[in-house]
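The structure appears right after this line, and notes come after that.
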Amino acid sequence: MALRHKVGTIAGTMAVSLAFLSGTASAHALSFNQKAASYVKTFIGRVPYTYGGSSPSTGFDCSGLTHYVYGHYGKWIPRTAEDQFLHFRRESRSRAWGGDLVFFHENSDPNSYVYHVAIYEGGNHIVSATDPAQGIIW
């Protein structure tokens, strides 16, 4: 099975409408995406937002979180949101899987600068390192 990592683009809004029906699998048969989607939730409310952060001991920014989670499972990805966007192929919302990355652009042009990245959880939900006040949220 090919790895899937990139869920198209979301232009300047946190309103995410992705179609995904989660399935069940035993622990020994989880895909990379299922593991990533599950693992990132362990940081919610526990690890602070830190600009430039890339470690659970010091905190994460958005791309530091995605970089760390993917790296935890042996998948190297670039460090910044923009570079992560350029690294992966685009995927339609209707084909999104939990564990895919969702990118936020500065305007509706899908080639505009990427200012934020999050991990898709399915069911219109993401996990994201947002800001110092909110930290890592679902």
Residue pairs involving residues 55-67 (criterion salt bridge (Lys or Arg N to Asp or Glu O under 4.0 Å); sequence neighbours excluded)
D61-R79
Tell me, which pairs form a salt bridge (Lys or Arg N to Asp or Glu O under 4.0 Å) where one or both residues lie in residues 39-58, sequence neighbours left out?
K41-E121
In the hydrophobic cluster built from side-chain contacts under 4.5 Å, what are the other members alongside Y51?
Y49
What residues form a side chain to side chain donor-acceptor pair (under 3.5 Å) with [X], not counting sequence neighbours?
| X | answer |
| --- | --- |
| T50 | none |
| T80 | D83 |
| Q134 | D131 |

Kindly assign one of parallel, tilted or perpendicular to the pair H72 and Y39, based on the angle between their ring planes and the thresholds 30° and 60°.
parallel
Once you measure the plane-to-plane angle for W138 and H125, does it fall in the parallel (<30°), tilted (30-60°) or perpendicular (>60°) bin?
parallel
Counterpart residues, side-chain contact (heavy atoms from CB on, under 4.5 Å), relative to S38 (two or more places apart)
none
Check side-chain contact (heavy atoms from CB on, under 4.5 Å) between S112 and all other residues, then give those that pass, not counting sequence neighbours.
H105, E106, N107, D109
What one should report as the nearest heavy-atom pair of Q84 and P78 is NE2-O, 2.9 Å
Using the side chain to side chain donor-acceptor pair (under 3.5 Å) rule, take S57 and S55 through it: C-alpha gap first, then chi angles, then the decisive distance, then the call.
CA-CA 5 Å; S57 61; S55 164; 2.8 Å; yes
Using the rule given for side chain to side chain donor-acceptor pair (under 3.5 Å), can you reason through S128 versus H116, listing the C-alpha separation, both sets of side-chain angles and the distance that settles it, and then say yes or no?
CA-CA 9 Å; S128 176; H116 187 66; 2.6 Å; yes
